Amino acid sequence: MRYSQAFLPTIKEVPKDAVDASHVLLLRGGYIRMVGAGIYEMLPLGQRVLKRVQAIIRREMDAANAQEVLMPAILPATYFQETGRYDLYGPVLLRLKDRKGGEYHLGPTHEEIITDMVRREVKSYRQLPLNLYQIQMKYRDEARPRAGLMRCREFMMKDAYSFDVSEEKAFESYATMREAYHRIFKSLGLDYRIVEADSGQIGGKTSAEFQVLAQSGEDRIVACTKCDYAANVEVAEARIDTTKADFGKTPERLLVKTPKTKSIEQVVAFFAKDDAPKSADGAFGTNRILKTLAYLVPSKDPKKERAADAVATPDEIALVVVRGDHEVNEILVARALGVDEVHLASENDVKAVLGVGPGFVGPVAPKVALRTLVDHAAAAVADGVCGANQWDHHFAHVAYGRDFEGEVMHLRLVGAGDECPKCGGGLEAYRGIEGGHIFVLGTHYSSKMKATFLDETGESKPFVMGCYGIGVTRLMASAIEQHHDADGIRWPMSIAPYQATVLSLGNEPEIVEAAEKLYEALKAKGVDVLLDDRHERPGVKLKDADLVGIPLRIAIGKRGLAEGKAEVKLRSDADVTMIAMDEVVEAIATKVVALGGKLL
RNA sequence: CGGGGCGUAGCGCAGUUUGGUAGCGCGCACGGUUCGGGACCGUGAGGUCGAAGGUUCAAAUCCUUUCGCCCCGACCA
């Protein structure tokens with residue numbers, strides 16, 4: 001391609017609304033443009049990258065015996081109604097009506113459609129296993145689209161679905177996909193971690209996320225420095241402190257007047273005063289405070305709508321006790337209580353049930369008996385402080401097992417500094433971008449949709465399913481988050497829009513001719529190359545080349561040409577190499593292959 | 001959905017407080033001088049000031065409504 005003929009509008013200034021590197025650089029480099037919030041168009045360069053990412057995904061999916069299909073993006077409501085997700089998805093679903101008033105929506109994911117496809121056509125265990133995938137635009141009316149291609153309302157996804165005869169076989173399919181995903185993420189040149197994760201609304205139990213490490217990532221993950229343990233903080237665990245409270249040493253429980261002492265900091269400051277009660281080993285630090293939070297537990301009956309002005313009743317409130325220096329993991333709380341989600345109870349709800357406001361709530365002798373969940377670490381505190389369930393009062397010298405009871409479990413957010421639950425090694429915290437997510441679904445969808453086959457004994461059984469997603473457009477942006485500098489993008493060779501770019505630095509006929517000749521020779525060799533033949537000053541071409549981020553740059557200028565040489569530079573490297581003109585083509589072709597590219 | 005911010009030329013912005021004929025930089029077109037890290041000079045094109053309604057002799061500016069976009073949070077197969 002010749003730059004002079006290319007639709008490649010680069011921008012010198014940083015677009016006002018872009019913050020994250022990938023967003024800024026995709027706009028500035030002429031890759032994408034916004035049409036609406038979370039809706040983007042791909043310019044020629046963007047489309048080239050996208051096609052390269054797709055090609056890698058197709059190659060590995062095909063190699064893993066998955067077969068490509070294409071499902072519609074416009075879906076009749078009946079499919080999602082069949083599994084209840086038409087309501088479950090709520091406003092995220094982009095709904096529409098046809099001329100007859102029939103209800104439709106745009107597909108946010110396709111479990112129901114593929115399950116229907118398979119139940120209609122597959123009747124026997126002899127036709128299994130089956131793995132079908134597609135690459136297609138998905139539609140989710142996100143509450144808050146952000147950061148360019150990172151979180152869009154329309155985005156490209158590769159979604160695959162496996163169908164097996166048994167749970168055991170389903171896990172084999174899952175393992176095959178996991179290996180394929182490893183190959184894909186490596187081919188894309190991404191630094192990533194595979195982590196344990198929450199399955200969310202999709203159903204099923206076993207799942208893993210492929211998290212691309214990036215400071216701008218929305219997800220928080222922890223990974224062990226010694227073993228392969230890694231998890232999203234949503235579900236991360238840590239080695240449990242098994243030190244038991246030694247009641248022999250814990251003094252008698254003491255009611256202390258603590259006026260206006262609500263926050264953890266205030267409590268610690270209060271007990272740090274000279275005249276305040278002390279624990280046997282000194283002050284009551286943050287890690288000795290038993291932080292007690294009241295959660296509103298929604299009714300398990302979905303038909304029972306809670307009125308906006310309703311006041312909580314005792315059976316709707318659960319107490320969660322964690323150490324003052326720990327944070328509650330609400331996903332774990334919800335899971336323990338068997339509900340989809342929990343929210344902190346409002347001040348009014350807390351007062352209504354406990355007769356006291358947040359800040360003075362504690363697990364010891366509440367006004368009414370409440371379900372109480374205690375984090376392991378909090379249960380191990382031998383001599384702690386907690387709210388006394390009376391205004392302006394706390395208890396000192398309290399311990400789980402002696403002063404209060406509850407269900408002990410893992411309830412807190414794990415972070416850097418915690419110990420690995422597998423090996424005891426140190427955990428490190430990272431930010432990640434969820435680039436892929438794989439699930440064993442079991443029979444969650446097949447049962448609801450009566451998608452069954454006959455096994456070898458003639459018995460009718462639901463398919464055991466798995467599903468496997470990759471955010472294609474998101475990965476394109478993720479690659480930039482990981483590969484850029486102050487001047488622009490540094491594409492990995494495997495997904496770069498062009499493998500090499502030839503710059504003619506100067507408008508002298510011999511320079512233009514040499515660049516043209518090299519361009520044609522590289523093309524003939526099978527190198528995907530962009531020739532910057534614009535009548536621009538060298539500075540403009542060099543700046544644009546850095547911004548666009550093509551991995552290999554060959555500059556033809558007066559200086560080098562005098563010696564019969566071209567200047568070759570890697571975008572990811574500061575050094576330049578002078579190579580004789582008649583050796584450049586071979587050198588570039590070799591470099592392209594060495595960096596993981598393929599000649600045409 | 002809660003909080004905050006912003007809509008003025010293709011892009012980035014000033015002008016709004018205190019109403020009085022809409023401006024700057026980049027980009028674009030033409031001419032000239034330049035030519036190895038986003039050149040310079042000159043000339044020129046380009047705007048219903050997001051939209052609607054209101055106040056006023058007069059509205060980018062004041063009032064009301066509305067639409068859109070961004071950031072933080074909540075949410076997120």
Side-chain angles (χ1 to χ4, degrees), chain A residues 9-20 23-24 27-28 30 33-39 80 83 85 88-93 107-112 114 138-148 150-153 155 157-161 197-204 207 209 216 218-219 232 234 308 330-331 340-341 343-344 433-434 436-439 441 444-445 465-471 474 486-488 503-508 511-512 532 534-548 553 555-562 567 569 574 576:
Chain A
T10 57
I11 302 170
K12 207 188 284 190
E13 287 174 282
V14 177
K16 169 181 66 155
D17 289 334
V19 175
D20 287 4
H23 192 191
V24 170
L27 288 169
R28 288 195 55 210
R33 290 291 184 263
M34 185 178 78
V35 173
I39 305 170
F80 271 53
T83 58
R85 288 211 290 184
L88 191 62
Y89 260 97
V92 174
L93 224 47
T109 176
H110 282 70
E111 281 78 13
E112 285 83 349
I114 197 83
K138 293 284 187 276
Y139 299 86
R140 296 182 190 176
D141 195 359
E142 294 282 354
R144 191 181 152 210
R146 58 174 292 271
M150 266 322 156
R151 177 170 294 285
C152 282
R153 295 196 292 172
F155 62 99
M157 180 194 253
K158 186 286 301 176
D159 44 325
Y161 306 89
D198 184 50
S199 298
Q201 281 177 46
I202 198 154
S207 84
E209 288 172 345
S216 59
E218 293 182 286
D219 292 350
N232 194 307
E234 289 174 351
E330 297 188 353
I331 289 179
D340 286 340
E341 54 180 7
H343 294 287
L344 270 178
I433 300 161
E434 183 185 349
H437 203 159
I438 57 176
F439 302 79
L441 294 172
H444 185 82
Y445 292 90
M465 294 172 56
C467 72
Y468 318 92
I470 288 181
R474 179 183 278 182
D487 295 317
L503 272 45
S504 55
L505 300 184
N507 296 315
E508 291 81 354
I511 292 176
V512 172
D532 193 344
R534 293 175 298 171
H535 287 266
E536 288 286 356
R537 295 161 57 84
V540 173
K541 294 189 179 185
L542 291 165
K543 284 285 187 187
D544 270 336
D546 285 345
L547 175 60
V548 169
R553 185 185 86 190
I556 307 294
K558 212 188 291 181
R559 292 197 305 230
L561 215 51
E567 176 186 302
K569 182 181 172 300
V576 297

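The structure displayed is predicted, hence computed values, not measured ones. Every chain is numbered from 1 and lettered A, B, ... according to where its sequence line falls, protein lines coming before strand lines.
- Counting only heavy atoms from C-beta on, Leu505(A) has its side chain closest to rG36(B) among rG36(B), rA39(B), rC6(B).
- No hydrogens or angles were tested; on distance alone, a donor-acceptor pair under 3.5 Å links the side chain of Glu567(A) to the base of rG36(B).
- Not a single donor-acceptor pair, N or O on each side, falls under 3.5 Å between the base of rG38(B) and the side chain of Arg534(A).
- For Arg151(A) and rC76(B), a side-chain-to-base donor-acceptor distance below 3.5 Å is present, hydrogens and geometry of angles not being considered.
- Closest contact between the side chain of Glu142(A) and the listed nucleotides rG25(B), rC76(B), rG37(B) involves rC76(B).
- Between rA52(B) and rG15(B), the two C1' atoms lie 24 Å apart (nearest whole Å).
- Regarding Arg28(A), its CZ atom lies at a distance of 20 Å from the P atom of rG10(B), rounded to whole Å.
- Counting distance only, with no hydrogens placed and no angle test, the side-chain atoms of Asp487(A) and the base atoms of rG37(B) include no donor-acceptor pair under 3.5 Å.
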From CA spacing to verdict: salt bridge (charged side-chain N to carboxylate O under 4.0 Å, His left out), Arg151(A), Glu142(A): CA-CA 8 Å; Arg151(A) 177 170 294 285; Glu142(A) 294 282 354; 3.2 Å; yes
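- At least one donor-acceptor pair under 3.5 Å links the side chain of Ser504(A) to the backbone N or O of Asp532(A).
- Contact annotation: Lys12(A) side-chain N/O to rG27(B) OP1/OP2 distance is under 4.0 Å.
- On a pure distance criterion of 3.5 Å, no polar donor-acceptor pair joins the side chain of Glu536(A) and the base of rG38(B).
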